[in-house]
Number of protein chains: 2
Amino acid sequence: MTATKKAQPRGRPRSFDIDEAVDRAVKLFHRRGYDAVGVAELGSELGIKPPSFYAAFGSKAGLFEQALERYTASKANVFNNALLEGGSVAEVIERTLLEAARIYPERDGTAGCLVIDGARNSTDPEARALVAALKVAGRARIRDFIATEFPTRADELADLLVIALAGMSSAARDGAKASTLKAFAEAASRAFRHEAARA
Amino acid sequence: MTATKKAQPRGRPRSFDIDEAVDRAVKLFHRRGYDAVGVAELGSELGIKPPSFYAAFGSKAGLFEQALERYTASKANVFNNALLEGGSVAEVIERTLLEAARIYPERDGTAGCLVIDGARNSTDPEARALVAALKVAGRARIRDFIATEFPTRADELADLLVIALAGMSSAARDGAKASTLKAFAEAASRAFRHEAARA
DNA sequence: GATTATTTTTAGTGACCGCTACAAAAAAAG
DNA sequence: CTTTTTTTGTAGCGGTCACTAAAAATAATC
């Protein structure tokens, strides 16, 4: 019994695919940022009307939360993916930076990182809190991993990576080319090894 | 004759100080970003009403343009100030990074760089174009200066600085402490010297 | 067929957005 | 004084924001 759909419940069936809707929302929020995407646009892009939207997601921020979950569980989570391939700390950090340089440049209208810049300058406290929590958790994971090899400098080295990624996301959203980000990522990776070897 | 005020013109005198209004606008736009600051709030903060606002600045984007001019002519222009103190390319870049680490952390509600992040995710094409032009011009000045010592690697080295500054602005707006930014700036400065010496 | 449960569509809500028409007010010029 | 010029305050423009009340539609269940 391969049940993905649990025997149709009672009422009128939903006329749209929630998973696909979240995927489209990821793209829209990534493209233009949380505030710049309106519920009206989300509705028309998702092919649903406001009441269906709110019945399914609760609020605009609710959809953003699901979009962030989808995003961080995808290949866009560059550190997670680099970590899965194993290797030394320096190797994982290098793969993280190079992968960011590969996926951050504009593609299909999206650029940079949704978590880093998706709620930048947003007026919505809920949206800001959602990305802030993800940033804190992400940085903690990076720091703890670095600490396995460099326990006394883990914070400083984690900040080096986090700030470098933020710069790359920012630059990508400003139109930086893949070659530019790749050169920066390589320099940042060399800097990481150099800093890790210091003191 | 020390004329800053040109013999009062004909009509009703302006009831507010334009220079001070621009200063306050710089702070507001810097604090929350272009889109998040409304004309109504600008008006009440500046003590003027819409018609006076539009008579003086033409539009919200017009005030933003003046705010950007004020900002880039101030001590916030870290590269300009570092350049004025002279020294080698590596020294100027180091001062640029360290000065950014000093002024980017949150102070009086403002953090990071108004040019880099002030119109991030804005929906207003005019505001985006204004900061985009400043970014292009700023990067060109940095690249040309670096080229005086490193003509073959000026672009790559300029991107290293520009992306590092973007990362610092982003991190500062996310609450990074001065000590965090300082450590990053020092590492970035070392990376710059190291990259400049390569090849 | 009748009941119940869920989602749908229709048609809005009040609040805020950037911006403006209009006329009174306040100054210099005649 | 009157005229001319500029800025002011009052009031409100059309548009968009996130969101919702109410009832019709569509399914399983009784």
Side-chain angles (χ1 to χ4, degrees), chain A residues 3 5-22 25 28-29 32-67 118-119 121-130, chain B residues 3 5-22 25 28-29 32-67 118-119 121-130:
Chain A
K5 307 211 170 193
K6 51 189 71 169
Q8 176 136 307
R10 254 257 237 158
R12 177 170 176 169
R14 180 168 279 128
S15 67
F16 66 99
D17 186 318
I18 283 200
D19 269 9
E20 187 187 325
V22 173
L28 287 173
F29 285 134
R32 307 214 306 281
Y34 181 78
D35 285 17
V37 181
V39 170
E41 181 184 6
L42 284 164
S44 76
E45 193 74 17
L46 274 45
I48 61 179
K49 281 157 185 162
S52 299
F53 179 95
Y54 285 93
F57 306 111
S59 66
K60 181 185 169 188
L63 173 56
F64 188 51
E65 184 172 13
Q66 290 198 35
N121 290 334
S122 171
T123 63
D124 188 315
E126 201 171 344
R128 298 177 73 105
L130 287 169
Chain B
K5 309 212 168 186
K6 52 190 72 169
Q8 175 136 307
R10 248 278 224 143
R12 176 170 176 169
R14 179 167 279 130
S15 68
F16 66 99
D17 187 316
I18 283 200
D19 269 8
E20 188 188 323
V22 173
L28 288 172
F29 285 134
R32 309 214 305 280
Y34 181 79
D35 285 19
V37 182
V39 170
E41 181 184 6
L42 284 164
S44 76
E45 193 75 17
L46 275 44
I48 62 178
K49 280 156 184 164
S52 299
F53 178 93
Y54 286 92
F57 306 112
S59 66
K60 182 185 169 188
L63 173 56
F64 188 52
E65 184 172 13
Q66 290 197 36
N121 290 335
S122 171
T123 62
D124 187 315
E126 201 172 344
R128 297 178 75 105
L130 286 169

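Every chain is numbered from 1 and lettered A, B, ... according to where its sequence line falls, protein lines coming before strand lines.
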Engineer: Counting the atoms with a prime plus P, OP1 and OP2 as sugar-phosphate, which does A:Phe57 contact under 4.0 Å by heavy atoms, base, sugar-phosphate, or nothing?
Structural biologist: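 Answer is nothing: A:Phe57 stays at 4.0 Å or more from every strand.
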
Engineer: Partners of B:Asp124 by side chain to side chain donor-acceptor pair (under 3.5 Å), sequence neighbours excluded?
Structural biologist: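 So B:Asp124 forms a side chain to side chain donor-acceptor pair (under 3.5 Å) with B:Tyr34.
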
Engineer: Among all residues two or more places apart in sequence or in another chain, which pass the side chain to side chain donor-acceptor pair (under 3.5 Å) test with A:Glu126?
Structural biologist: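 Testing A:Glu126 for side chain to side chain donor-acceptor pair (under 3.5 Å), a comparison that skips the adjacent residues, returns none.
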
Engineer: On DNA chain D, which is the earliest and which the latest nucleotide, 5' to 3', with an atom closer than 4.0 Å to a heavy atom of chain B?
Structural biologist: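 The footprint of chain B covers D:dT4 to D:dT10.
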
Engineer: Residues two or more places apart in sequence or in another chain: which of them pass side chain to side chain contact (heavy atoms under 4.5 Å, CB included) with B:Arg12?
Structural biologist: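 Listed in chain order: nothing, the list is empty.
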
Engineer: Given B:Val22, which of B:Asp17, B:Leu46, B:Leu63 fulfils the side-chain contact (heavy atoms from CB on, under 4.5 Å) condition?
Structural biologist: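 Considering B:Asp17, B:Leu46, B:Leu63, a side-chain contact (heavy atoms from CB on, under 4.5 Å) with B:Val22 is found only for B:Leu63.
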
Engineer: Taking side chain to side chain contact (heavy atoms under 4.5 Å, CB included) as the test, write out the residues that go with A:Arg10, two or more places apart.
Structural biologist: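 Applying side chain to side chain contact (heavy atoms under 4.5 Å, CB included) to A:Arg10 gives none.
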
Engineer: Output one line per pair: protein atom, nucleotide atom from nucleotides 2-4 of chain C, and distance, for all N/O pairs under 3.5 Å.
Structural biologist:
{"from": "C:dT4", "atom 1": "O2", "to": "A:Arg10", "atom 2": "NH1", "distance (Å)": "3.0"}

Engineer: Does a side-chain N or O of A:Ser15 approach OP1 or OP2 of C:dT7 to a distance below 4.0 Å, or not?
Structural biologist: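 No, because none of the side-chain N or O atoms of A:Ser15 sits under 4.0 Å from OP1 or OP2 of C:dT7.
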
Engineer: Tell me every residue that passes side chain to side chain contact (heavy atoms under 4.5 Å, CB included) with B:Leu130, counting only those two or more places apart in sequence or in another chain.
Structural biologist: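 In terms of side chain to side chain contact (heavy atoms under 4.5 Å, CB included), with neighbours along the sequence ignored, B:Leu130 is linked to B:Phe64, B:Glu65, B:Leu68.
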
Engineer: Starting at CG of A:Leu42, measure out to CZ of A:Phe57 and round the result to the nearest 0.5 Å.
Structural biologist: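 One gets 9.0 Å once the value is rounded to the nearest 0.5 Å.
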
Engineer: How close do B:Ile18 and B:Ala56 get, heavy atom to heavy atom, and via which atoms?
Structural biologist: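 That closest heavy-atom pairing would be CD1-CB, 4.2 Å.
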
Engineer: By a strict heavy-atom criterion of less than 4.0 Å, which residues belonging to residues 37-56 of chain B are in contact with DNA chain D?
Structural biologist: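 Hits under 4.0 Å, by residue number: B:Lys49, B:Pro51, B:Ser52.
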
Engineer: Please list all pairs meeting side chain to side chain donor-acceptor pair (under 3.5 Å) that have one or both residues in residues 35-56 of chain A, counting only residues at least two apart or in different chains.
Structural biologist: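 Found A:Arg32-A:Glu41, A:Asp35-A:Ser122, A:Asp35-A:Thr123.
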
Engineer: Between B:Arg12 (CZ) and C:dA29 (P), how many Å, whole number?
Structural biologist: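 The answer, rounded to whole Å, is 18 Å.
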
Engineer: Do B:Lys60 side-chain atoms and B:Val37 backbone N/O form a donor-acceptor pair below 3.5 Å?
Structural biologist: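 Yes; judged by distance alone, with no hydrogens or angles, the pair exists.
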
Engineer: Using rotation axes that map the C1' atoms of four end pairs onto the next four (five pairs an end), what angle separates the end axes of the helix from C:dG1-D:dC30 to C:dG30-D:dC1, to 10°?
Structural biologist: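 Comparing the axis at each end, I get an angle of 20°.
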
Engineer: I need the CZ-P distance between A:Arg14 and C:dA5, as an integer number of Å.
Structural biologist: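 Rounding to the nearest Å, CZ of A:Arg14 and P of C:dA5 are 18 Å apart.
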
Engineer: Start at the 5' end of DNA chain D and walk down; is the nucleotide closest to B:Gly11 or to A:Ser59 reached first?
Structural biologist: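 Nearest-nucleotide comparison on DNA chain D picks B:Gly11.
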
